[in-house]
2 protein chains.
Amino acid sequence: MKRPLYEVKAEFFRNLGHPARIRVLELLSQRDHAVHELLAEIPIEPSNLSHQLGVLRRAGLVQQTRRDGQVYYSVSAPEIRDLLLAARAILSDVVSDQIDLRSELRGDWLASS
Amino acid sequence: MKRPLYEVKAEFFRNLGHPARIRVLELLSQRDHAVHELLAEIPIEPSNLSHQLGVLRRAGLVQQTRRDGQVYYSVSAPEIRDLLLAARAILSDVVSDQIDLRSELRGDWLASS
DNA sequence: TTAACACTTGAACAAGTATTCAAGTTATAG
DNA sequence: CTATAACTTGAATACTTGTTCAAGTGTTAA
């Protein structure tokens, strides 16, 4: 209860500022996933993913539960989906030139949007 | 036209991940400001602010125009306001504990929200 | 038990970002 | 002209984050 709001906000956005973390949030906003399922979609090392999940966890954006010897993650606020959509709107408006739209056209939207 | 979308998104969020840049966007989403006006609201060195404005400019989030020997900045997409509001919603939901609400209660919302 | 799978952790190093300083530009006022 | 206000730039350094590696925990399956 001591930090000014704009600092908390900045940190919040920094927490989203990593490709793997974005993909995790997008996958999780479809449905809960176990870590090995995330690993199947996101091409990074387990240990690296685990670190990135740690960032999201400490930020309060996702939650962990153990079930059947696997660790499942879920988003902790449904509004996260809205935020990602809002970002998407700005991106298509403002920085559309830099985006690779091929993935979109191939239909693997869910993995790469 | 080469980078995958989730990387562009991550970079986009990283561009928002700095207290001064957040404050700039919030001030600018109220109205255009000259740099010295921003400086009056945001307590950092001119040169530092200029660097941060450069980041926002290169990200395509703000635009520069020179008028009466002053440099005015404006947001380049109105959706930015929506995004900041969406972030606000998640923050109050998910990380409310870490926020300093005093500024809110003092009415300097516009400078620090 | 032991092995294998599914993860997490900490430490070390690499890579990226922020801040400061000194110098430079542009425009207006004296 | 010369000075001053309003900015910007680049380079140096300090700081923060990301990635990898090696080791460790918990759980199920032989």
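Residue numbering restarts at 1 for every chain, and letters A, B, ... go by the order of the sequence lines. Keep in mind that this is a model prediction, so the values were computed, not measured.
- For the side-chain contact (heavy atoms from CB on, under 4.5 Å) criterion with A/Val24, the lone passing option out of A/Leu61, A/Val55, A/Leu53 is A/Leu53.
- Using a 4.0 Å heavy-atom criterion, one finds that B/Glu37 contacts no nucleic acid atom at all.
- Both B/Leu84 and B/Leu16 belong to a common hydrophobic cluster when Ile, Leu, Val, Met, Phe, Trp and Tyr are linked at side-chain heavy-atom distances under 4.5 angstrom.
- Nucleotide D/dA6 holds its C1' atom 16 Å from the NE2 atom of B/His33, rounded to whole Å.
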| task | Any chance you could lay out the salt bridge (Lys or Arg N to Asp or Glu O under 4.0 Å) test for A/Glu37 and A/Arg31, step after step, and finish with the verdict? | result | CA-CA 11 Å; A/Glu37 296 176 311; A/Arg31 60 171 181 80; 3.8 Å; yes
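- Atom CZ in A/Arg67 sits about 13 Å away from atom P in D/dT28, given to the nearest Å.
- Between A/Leu49 atom CG and C/dT9 atom P the separation is 13 Å, expressed in whole Å.
- Under the 4.0 Å criterion applied to side-chain N and carboxylate O atoms, B/Arg81 and B/Glu26 are not assigned as salt-bridge partners.
- Look at NE2 on A/His36: it is 16 Å from C1' on C/dT8, rounded to the nearest Å.
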| message | Run A/Leu56 and A/Val75 through side chain to side chain contact (heavy atoms under 4.5 Å, CB included) and show every step you take. | response | CA-CA 9 Å; A/Leu56 294 174; A/Val75 299; over 6 Å; no
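- B/Tyr73 has a side-chain polar atom (N or O) that falls below the 4.0 Å cut-off from OP1 or OP2 of D/dT8.
- Nearest heavy atom pair, residue A/Ala89 against residue B/Glu79, reads O-OE2, 4.3 Å.
- Following rounding to the nearest Å, B/Glu11 (CD) and C/dT17 (C1') show an atom-to-atom distance of 13 Å.
- Taking 4.0 Å as the cut-off between side-chain N and carboxylate O, B/Glu11 and B/Arg3 count as a salt-bridged pair.
- Across the protein-nucleic acid pair, A/Gln64 atom CD and C/dC7 atom P stand 10 Å apart, rounded to whole Å.
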| remark: Going 5' to 3' through nucleotides 14-27 of chain D and flagging B where a protein heavy-atom sits under 4.0 Å of the base, S where only the sugar-phosphate is that close, and - otherwise, we get ---SSSBB-----S
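- As rounded to whole Å, 12 Å separates atom P of C/dC7 from atom CD1 of A/Ile42.
- Counting to the nearest Å, the C1' atom of C/dT19 and the CG atom of B/Leu53 are 15 Å from each other.
- Among the protein residues, A/Tyr72 comes within range of no part of the nucleic acid, since none of its heavy atoms lies under 4.0 Å from any strand.
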